[in-house]
Amino acid sequence: MTPLLSVQSITKRYGAHIGCAEVSFDLYPGEVMGIVGESGSGKSTLLNCMAGHLAPDAGTVIFDTRTDGPRDTVTMSEPERRMLGRTDWAFVHQHARDGLRMGVSAGGNVGERLMAVGARHYGDIRDKAVDWLDRVEIAADRVDDRPTTFSGGMQQRLQIARNLVTGPRLVFMDEPTGGLDVSVQARLLDLLRGLVRDMGLSAIIVTHDLAVVRLLADRLMVMKDGHVVESGLTDQVLDDPQHAYTQLLVSSVLQV
Amino acid sequence: MITLSDVSKTFTLHNQGSAVIEVLTGVDLAVASGECVALTGASGAGKSTLMRMIYGNYRAQSGAIRVGGTDLVQAEPREIIRIRRETLGYVSQFLRVVPRVPTLDVVAEPLRVVGVPQDEAQARARALLSQLNIPERLWSLSPTTFSGGEQQRVNIARGFAHAYPAMLLDEPTASLDAANREVVLSLIEEAKARGAAIVGIFHDEAARARVCDREVDVSRFTPARAA
Amino acid sequence: MSDYNFAYLDEQTKRMIRRAILKGLAIPGYQVPFASREMPMPYGWGTGGVQVSAAVLTPEDRFKVIDQGADDTTNAVSIRSFFERTAGVATTTRTHEATVIQTRHRIPEAPLAEGQILVYQVPIPEPLRFLEPRESETRKMHSLEEYGLMHVKLYEDISRHGHIATSYAYPVKVEARYVMDPSPIPKFDNPKLSDCPAIQLFGAGREQRIYALPPFTRVVSLDFEDHPFEPSKADHSCGLCDAADSYLDEVIVDDAGGRMFVCSDTDYCEARQAAGHRGKDAA
């Protein structure tokens with residue numbers, strides 16, 4: 001079985017400071033991997049290197065493309081990488097306003113990726129947009145409203161719809177539930193789990209919330225100071241942590 | 001179906017002076033299809049630890065833990081995930097679910113992840129929930145709000161939704177009334193009859209006597225504590 | 001002859017602008033940066049068009065200026081007299097007599113011919129500006145041909161108004177490559193952009209961009225399959241010359257709601273009247 005994403009020795013430095021160093025792993029189709037660590041541990045740097053938002057100093061990010069099989073996305077041409085970004089990849093930002101066009105209606109936001117890959121039938125685009133709003137539990141009569149009139153949780157769901165409408169195979173998520181109320185988080189987690197299962201998505205989720213990864217991620221990578229200190233099955237890492245830092249991290253979580 | 005050979009387990013507490021606690025050593029165990037083995041031993045002997053190791057939840061320090069031919073000690077995470085989806089069921093004492101998800105979907109989920117269509121999965125979930133006497137008006141609600149006994153029964157329904165060839169049962173009859181206890185025991189007997197290999201922890205001695213073919217005292221794998 | 005250099009600008013500047021024009025002609029629809037100069041008029045009054053006109057004018061040219069179709073508005077008159085004084089070129093109001101026509105927001109009704117140059121005044125050359133404010137990003141979108149966003153604008157139009165309500169500065173795609181803002185001409189004029197025998201040059205002074213359409217360039221207005229592009233005009237005939245095929249201005253004639261529709265292209269209207277056509281409002 002070919003990995004969907006094969007990351008090898010990714011290193012990114014900011015001057016003398018290490019962003020992330022020598023990170024390697026394989027992600028297989030249908031797998032959800034969590035990356036946890038405290039602020040500054042390099043998890044967002046790693047995510048941005050993998051998603052093509054940052055150029056790593058060393059290493060390869062090999063993605064199993066639909067047409068040409070495994071390709072290194074670090075060295076592929078920018079148009080190809082951006083095309084991946086609108087088709088097979090999706091990126092869910094922590095702040096919905098970073099991932100949405102706030103001046104464009106909900107329907108236009110969802111339709112943008114369709115139009116970007118050549119959809120030119122207004123009726124079809126709109127039908128798809130309404131269908132996706134329904135799948136993320138946004139009422140169809142909000143299709144012409146701008147995201148500025150939406151609550152934080154709705155904006156985040158809209159961002160997910162906008163990203164998934166082209167049927168991507170790999171979703172990068174940066175703190176997808178950060179900044180949301182706990183009840184809204186639960187709803188979003190449920191939604192994400194259902195979509196991951198039904199669409200067979202693979203996902204990489206960066207978060208500092210261990211409860212989120214326990215519910216969403218099959219596998220877990222723990223980062224500290226730019227290095228991966230431990231990785232494995234999510235429940236195994238959380239219930240039987242081997243590394244000192246992971247033990248500290250797990251024991252530091254407040255129990256409710 | 002389930003084979004453990006020379007398995008040992010230690011916990012190293014890095015944040016408490018790197019104390020090393022030896023929990024189990026030299027564990028050998030084999031459970032055949034259609035067989036039910038009870039783990040016994042005093043509290044703290046390592047019954048739950050051993051169970052969690054067979055599930056891949058705890059990492060073994062040495063030895064091999066084979067479920068259906070795959071060594072979980074060496075396996076990649078995705079192989080363990082696949083085995084948990086298809087081969088190895090686990091009824092724990094605690095129900096861990098996403099809040100807000102309806103009970104019916106919680107029970108149907110193990111079937112959904114192995115590709116059973118929604119309708120079929122929900123039909124099986126309904127049958128199990130009725131069998132375990134969960135009132136139908138609760139099916140659309142999240143089990144996070146249920147009483148302990150109800151949660152336990154939802155957990156059992158979920159564990160028995162998919163016909164796993166191997167199962168781990170942690171106190172499946174605890175906190176159940178006589179009628180529901182009887183339902184659970186018959187579910188276990190049905191699973192045995194279709195050939196499931198079962199490892200269980202039962203404090204309920206009568207239940208143990210009824211469904212288990214033999215007992216394994218875990219305390220014999222407990223290392224002598226250094227004084 | 002005046003004390004100015006021919007057509008106001010110095011020769012080096014005109015060469016610089018001509019290089020930008022040539023590059024623009026070589027890559028139809030591509031926005032070429034140029035070092036726009038201060039002109040003796042405010043930005044927004046056609047400084048880009050004037051610089052392009054200055055760079056292409058020769059002493060033998062006959063120059064025409066229209067402002068929303070009219071030869072006799074302040075803007076048109078002052079630009080015409082500017083080049084009369086600084087270049088000493090002949091001027092005209094007749095479309096077919098002119099060799100260089102500077103225009104603000106219209107394309108003349110009379111068909112243009114080979115050998116003519118049409119110079120557009122452009123306020124905002126970037127068609128993606130109001131959708132994506134980052135210039136670095138829009139440049140990348142042009143270079144990578146990522147134009148999905150342009151259709152988002154049209155989608156928003158239809159979702160809000162039931163049809164594509166953009167009626168001027170309607171975006172076009174040039175030779176199936178660059179998306180271009182045709183300047184704020186009414187979409188009625190969009191079909192005239194395509195396959196035109198004349199050279200079309202676009203100058204944006206404040207924004208320091210020049211772009212161009214060489215003769216007989218294919219220019220397609222963007223649309224949806226189920227909402228095709230439709231050039232539109234007021235559903236009337238000209239009150240003065242009775243033309244049914246020209247773009248009309250609505251003129252309020254009294255304080256009792258009286259109004260009339262007249263050709264926005266004054267030369268076209270006058271030529272028709274001289275040929276004996278009479279509309280219902282003609283005196």
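All chains are named by letter (A, B, ...) in the order of the sequence lines, taking the proteins before the strands, and each is independently numbered beginning at 1.
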message = Please check if the number of heavy atoms outside A:D68 that lie under 6.0 Å from its CG is greater than 12.
response = yes
query = Taking NZ, NE, NH1 and NH2 as the nitrogens, is one of them in A:R82 or C:E145 under 4.0 Å from a carboxylate oxygen of the other?
reply = no
message = If you count heavy atoms of other groups shown closer than 6.0 angstrom to CZ of C:F130, is the number above 12?
response = no
task = Taking atom OH of C:Y168 as the centre, report whether more than 12 heavy atoms of other residues, nucleotides or ligands fall under 6.0 Å from it.
result = no
inquiry  = Can you confirm whether more than 12 heavy atoms, excluding those of A:K128, are under 6.0 Å from its NZ atom?
reply    = no
message = Just checking C:R18: does its CZ atom have more than 12 heavy atoms from other residues, nucleotides or ligands closer to it than 6.0 angstrom?
response = yes
query = If you count the non-hydrogen atoms of other residues, nucleotides and ligands that lie under 6.0 Å from CZ in C:R129, is the total more than 12?
reply = yes
ask   = What pair of heavy atoms forms the shortest contact from A:Y122 to C:F224, and how long is it?
value = N-CD2, 3.7 Å
note = Ranking A:G118, A:P79, A:A119, A:S105 by heavy-atom pairs under 4.5 Å to chain C gives rank one to A:S105
message = Would you say NE2 of C:H236 has more than 12 non-hydrogen atoms from neighbouring residues, nucleotides or ligands within 6.0 angstrom?
response = yes
ask   = Hey, does the side chain of C:E146 reach the backbone of A:A116 with a donor-acceptor pair shorter than 3.5 angstrom?
value = no
inquiry  = I'd like to know whether CZ of A:R197 has more than 12 heavy-atom contacts from other residues, nucleotides or ligands below 6.0 angstrom.
reply    = yes
inquiry  = With chain C as the partner, which of A:R120, A:R101, A:E78 has the greatest number of non-hydrogen pairs under 4.5 Å?
reply    = A:R120
Closest heavy-atom pair and its distance - A:G103, C:E156 = O-OE1, 4.3 Å
request  = Find the distance between CG (A:D144) and OH (C:Y155) and round it off to the nearest 0.5 Å.
outcome  = 6.0 Å
ask   = Relative to chain A, which segment of C:H151 carries a heavy atom at a distance below 4.5 Å: side chain, backbone, both, or neither?
value = both
request  = Answer with side chain, backbone, both or neither: which region of A:V143 has an atom nearer than 4.5 Å to a non-hydrogen atom of chain C?
outcome  = side chain
ask   = Do side-chain atoms of C:D226 reach the backbone of A:G123 as a donor and acceptor pair under 3.5 angstrom?
value = yes
inquiry  = Using 0.5 Å steps for rounding, measure from the CG atom of A:D145 to the OG atom of C:S159.
reply    = 10.0 Å
ask   = Measuring from C:L144:CG to A:R81:CZ, what's the distance to the nearest 0.5 Å?
value = 10.5 Å
request  = Side chain from CB out, backbone as N, CA, C, O: work out which of these in A:R86 comes under 4.5 Å of a heavy atom of chain C, or both, or neither.
outcome  = side chain
